[in-house]
Amino acid sequence: MVVMNRKPLMVGNWKMHGSHLEAIQRVQKLSYRLDPSDYDRVEVGVAPPFTSLRSVQTVVQMDDLRIRIVAQNLHWAEQGAYTGEVSATMLAKLSVSYAIVGHSERRQYFGEDDRAVNRKAKAALAAGVIPIVAVGETLEQREAGETLQVLRKQVGGSLARIPSEQVDRLVIAYEPVWAIGTGRHANPADAQDTIAGIRAQVRDRHGAAADGVRILYGGSMNPGNVAALMAKRDIDGGLVGGSSLDPDTFAACIRYWR
Ligand code: 13P
């Protein structure tokens, strides 16, 4: 049996919270709470709003922090007349390592469909930014027993025409919509089953590359539930919203084994 060494990835998605000054404080405080052995064990990322990316990048570079800079979104075009948008090339220039694409809030409030998510994922890869492709079912879909079907469509559509050689670098985030910001996280055994199902789908299409894909869980992850979720073999990290805004709480999520 091949045992894949997938380094856990914990990303704090700050969503639309805080000025660039608050972002500077937040990332500095987070760094004070982590030591080298934490970074050896877990890859750490923060996803500030666009207005804070440059400030966070400056802190990360000046203090030589092992914290990855993550964007919350991007546009698929390299440049052009797309008022209000930001390209993957611009993000790459700012030392952004990862970009979340297809977050449920973007799907829900900004009408992003799998085709748009796919274009964004491909643009990110072309610019050397690793997409974190977010997928997840709504409560209504779950109660109708449609979870697997919905995820199958989202994963298939979002990853369409991405060559298998690039797939093992990808990150997928399984975020059940009903668990986001509700304080109600998925049961770890259910999350494991669902995430194993996503990996099996990637394996059907891309073979062994599926063993390299990191699949994160997101949705009300906090210091109290993170260890049980991370104990599951297919859960490779977390996309943490509310609990990432406070550096103490996020640090406790990152150090989930302690
Ligand atoms: P919460 O952790 O606040 O539920 O948010 C999860 C999320 O949407 C991360 O992207």
Side-chain angles (χ1 to χ4, degrees), residues 8-18 22-23 26-27 30 42-50 52-53 56 67-74 91 96-110 112 117 120-121 124 129-139 141-142 147 150-151 154-155 158 170-188 190-191 194-195 198 214-230 232 235-256:
L9 172 64
M10 282 286 173
V11 174
N13 177 8
W14 297 351
K15 306 193 180 181
M16 197 172 74
H17 290 290
E22 288 165 296
R26 197 172 275 143
V27 74
L30 177 65
V42 175
E43 193 176 345
V44 178
V46 294
F50 282 134
S52 301
L53 281 176
V56 169
I67 295 179
R68 303 281 191 203
I69 307 167
V70 181
Q72 297 180 17
N73 184 28
L74 57 86
L91 297 173
V96 165
S97 305
Y98 296 91
I100 304 169
V101 294
H103 191 283
S104 66
E105 287 148 16
R106 302 240 24 116
R107 293 178 187 264
Q108 188 181 348
Y109 305 130
F110 304 97
E112 268 180 28
V117 176
K120 291 181 179 205
V129 174
I130 299 177
I132 300 178
V133 180
V135 296
E137 81 286 2
T138 63
L139 186 59
Q141 290 164 335
R142 184 180 184 84
T147 300
V150 167
L151 293 175
Q154 288 180 345
V155 171
S158 304
L170 285 180
V171 179
I172 297 174
Y174 168 56
E175 299 205 298
V177 178
W178 48 270
I180 296 179
T182 59
R184 193 183 147 206
H185 66 279
N187 166 301
D190 285 350
T194 307
I195 286 176
I198 293 172
R214 283 178 295 179
I215 310 184
L216 317 181
Y217 168 79
S220 298
M221 196 178 234
N222 63 39
N225 60 35
V226 63
L229 287 157
M230 290 302 294
K232 299 298 180 190
I235 303 184
D236 303 318
L239 191 50
V240 186
S243 290
S244 72
L245 292 175
D246 174 47
D248 285 314
T249 318
F250 187 40
C253 291
I254 293 164
R255 307 162 82 148
Y256 60 86

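Quantities reported herein were computed from a predicted structural model and do not represent experimental measurements. One-based numbering, in listed order, for ligands and for the atoms of each.
With rounding to the nearest 0.5 angstrom, the CD1 atom of I132 is 6.0 Å from the CG atom of L239. L216 CG to L229 CG: the interatomic distance, rounded to the nearest 0.5 Å, is 12.0 Å. Once rounded to the nearest 0.5 Å, the distance linking OH of Y256 with CG of N225 reads 14.0 Å.
Within the 4.5 Å cutoff, the side chain of M230 has heavy atoms near those of the I235 side chain. Residues R107 and V135 have side chains in contact (heavy-atom distance under 4.5 Å, counting atoms from C-beta outward).
Of all atoms in ligand 1, numbered sequentially from 1 with element shown, those under 4.0 Å from a heavy atom of E175 are 6 (C), 7 (C), 8 (O), 9 (C), 10 (O). Each of the atoms 4 (O), 6 (C) of ligand 1 lies under 4.0 Å from some heavy atom of G219. Listed by number with element, the atoms of ligand 1 under 4.0 angstrom from any heavy atom of G181 are 1 (P), 3 (O), 4 (O).
The single protein non-hydrogen atom nearest to atom 2 (O) of ligand 1 is G241 N, 2.9 Å, given as residue, atom name and distance. Closest to atom 3 (O) of ligand 1, if we only count protein heavy atoms, is G242 N, 2.8 Å.
Between R214 and Y98, the shortest heavy-atom contact is NH2-OH, 2.9 Å.
For the pair S220 and ligand 1, a heavy-atom separation below 4.0 Å is found. The shortest separation from a heavy atom of A179 to ligand 1 is under 4.0 Å, placing the residue in contact. Look at K15 and you'll find a heavy atom under 4.0 Å from some atom of ligand 1.
Neither the backbone nor the side chain of S243 has any atom closer than 4.0 Å to an atom of ligand 1 (non-hydrogen atoms only). Contacts with ligand 1 closer than 4.0 Å are made by side-chain heavy atoms of N13 only, the backbone lying farther away.
At a cut-off of 3.5 Å, with distance as the only test, a side-chain donor of E175 or H103 sits close to an acceptor on the other residue.
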